[in-house]
Structure formats: C-alpha cells, structure tokens
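To keep things clear, I will list the structure first and then write my remarks on it.
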Amino acid sequence: MLGIVKAKGAVLTDEEGKEYIDAIASWYTAMYGHCHPVITKAVSEQMKKLDQVVFSGFTHQPAIELSESLMSVLPYNQQKLFFSDNGSTATEIGIKMALQYFHNLGEKRNVMLAFEEGFHGDTFGAMSVSGLSAYNGPFEEHFIRVERIPVPNDDNVEEVLESVEKRLKKKDIAGFIYEPLVQGAAAMKMHRPEHLCRILRLMKLEGVITIADEVMTGFGKTGTCFASEQVTVKPEIICLSKALTAGLLPMAITSCSKKVYDAFYDDAVHKGFFHGHTYTANPLACTAALAALELFRSDEMQGNIKRIIRRHKEFDCRIKDHPRVASTRQTGVIYAIDLTLNTDRYGSLRDRLYSYFMDQGIFLRPLGNTIYLLPPYVISDTELDRVYRAIEGCLELDL
Ligand SMILES: *Cc1c(COP(=O)(O)O)cnc(C)c1O
C-alpha cells in the first residue's frame, strides 16, 4: 500500500514526496485534473450554503441546474434523470427500470442480455450482468436471469446478429446492457459503432429496453461527450458516474427516454419506481458535476481532448511495429497496447509492469499483457512524453 498525500492536475504525490503521473485519471474520474480550482471553489462555496438535504419532497438549485445542463448534452431521446451515488447503483437502477417496465405493462419478460466480458459494477444486479468472474463465485446462484452474447467484430458479426435475432423471438428479453464502444474492465476491448448499431436495431425492433453503461465512457473519453453519440440507434437508458463529478465526490445518474418514463407515470402507486439512497442528489456532488460539465464544454478542454487523440495516434505510429507489440487500439483518449507476452490477467507480468512504471513515476494499471492509457485531459505534452517514453522503455526490458 502506498500512502498518497496530495494530487494536483495530472500528478499524485506520495508520503515520501515522490510524484506519479496519473495516466488513468484515478479510474477515469479526475478527467479535468485533480483538485481543479473551478471545481473546488464551486463546491466550497456551496458547502457554506446547503450541504445535504433529503431529496424526497425537496429539491434544490444545484440539482435543477445540473439536470438542465446535462439534458442539453445527452442524446436527444433522453428525457428524465434519476440520481444515485455510484456506477454500480446507476446500472442497478437501469436494470430495475427495464424489468419493472415490462412488469408495469403486464408483459412477462424477465431475462437480461449482456455482452460477454462486460463489467457493470458490484451490486447484485450489476454483478449478474457482468461477465463471468472468479470473484462472483459465492453469489452466482442468487443472480438475476441473464444471457451473454459475444461482442461483435468483423469476423463474427453476422453470426452474432443471427443468433440474437433468433433469441429475441421468444419475447422474454426485458433489457440489454452494454458498454458502448469500449469495455473498460475487459482491458479496453473495443468494438465498432456500426456493429453495435445493428445489434441495437434488432433489440429496438423487439421492444427490448437498451441500457448504455457509459459510467466509464461518458464525458469525452471516446472523443464525443458520450460514446452513444457515435451510434445511430440511441439507448432507452444511459448510466453515468465516474467523471460526472470530476472525481471529487461519488454520484451517479441514470437517464431514460420518455417511453420508459411513461410506463411508470401512473396514479397507481405500485407502478412508481421505488429506489432511493440517503445521499441521492447531494448538493455538493451536484455542484461538482455542474462545474465539471462547464469545464468539459470549455474550448480549453475540447482542445485538450483533440490534442491527446492526435498525440496517441503519433505515438501509435512509432511503436505499433515493435516486435514486443502484438496489437494496439485507440478510441478517443483511450489507448491500449497488447504485448506479445503471455500471462494470466493478474499474474506476475502485470506486477512487474506495474512496479516498472511506478519506479518511473507513472501510475498505470496494466491488465494481463495489456497496457492502457486514459489520461486526464489536462495532462501536458511534457507529461505525455514521459508516459510514452516509459512505455517505449518497457518494450526493451527483459520481462
Ligand atoms: C466503474 C464502472 C462501474 C461501477 O462503478 P462504481 O462506481 O465502481 O460502482 C460500472 N460500469 C462501468 C462501465 C464501469 O467502468
């Protein structure tokens, strides 16, 4: 365990004063840089006015302003927002919405579809729809009903579409949850928007509630504000967290279309959506999120995103033919390299890579033989150069 005492911009400082470039933005949260003065100032001012209040029967300015601001950037079909407090609850809520949608309509549909190797969080519903993992063993017999489909690629897409189409004919599928374009926990596995779009079109035809888990991809990582912008068929539900509050406080939002909302809007109380956490729409978290969105939309941040995309591309040209590099991939500011070394996912190669980068003052979390970058947008060119040089150095190591 390493004690971290300070974080500023793209840099973490440990208790001995050693600095590390945070090349994964502390799990994709601190995208505008740690302790950004715009965020900390807004929140410290809010803190003196209203810290916390029950979000039932009450509302407040930060929640209202955040909702309006978020609605203006979400895909056009998203009409209503539901607050909670982390990525797992955001997807849990999406799953519950899909299941209750059909319950309210009096239609018996109780199976969820999900991509193989997906990750949607650690609560029961979220765990159920995530890919099979060694960590889920003790709980599997309690999972909700879920079936997994392969992620489409150029080789299997026709086959996948055919089997999905056949499976949907049984009319028992309530929802389909997916990470659009990039599967984070699957070591940044990427798929093409065209393939995903064809799957979503089939789902839509059969009335399946589609849930885009944008907890990782949201707020610019894929080059657009949301990955769903690059896919023609829009989801019914979108899950957001991680960068939503710029890494300052935990919060999540699940948005939905009018179609979903209408199935819950009824005088009969039992048709309502009952899910509420104590800290729902905490005013400080809403303030952080509102300030974060403003930063995201600034010319400076948009310029940074374009710069990182271009720099990753240049770096890719430099290293992709190296004998140690099996393959590379990039979507937006997310860049991943598979090394030509075999290892198990969390095996010792991963540990050796991790230690090598930490020694170089670079915080990265390699997964198996994959090294990936998802740097904060404020990372400077000099800092990026240091990260790239460390990666080039690791290709020459005797691992
Ligand atoms: C991180 C993550 C989650 C879970 O979020 P937590 O805040 O850790 O509960 C869910 N889905 C995706 C795609 C994620 O990356």
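All ligand and atom numbering here is 1-based and tracks the order in the structure. Predicted, not measured: the structure shown is a model, and the values here were computed from it.
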Between Arg198 and Thr232: side-chain donor-acceptor atoms closer than 3.5 Å:
no

Which of parallel (below 30°), tilted (30 to 60°) and perpendicular (above 60°) describes Phe296 and Tyr377?
tilted

Sorted by chain and residue number, the side-chain contact (heavy atoms from CB on, under 4.5 Å) partners of Ala285 (sequence neighbours excluded) come out as Thr245, Leu249, Met251, Asn282

Hey, which residues fall under 4.0 Å of ligand 1 on heavy atoms?
Asn86, Gly87, Ser88, Phe119, His120, Gly121, Glu179, Asp213, Val215, Met216, Lys242

Phe55 and His277: aromatic ring centres closer than 6.0 Å?
no

Just checking, is any N or O donor in the side chain of Gln52 or His60 under 3.5 Å from an acceptor N or O on the other one?
no

When you compare the side chains of Thr370 and Asp338, does any donor N or O come within less than 3.5 Å of an acceptor on the partner?
yes

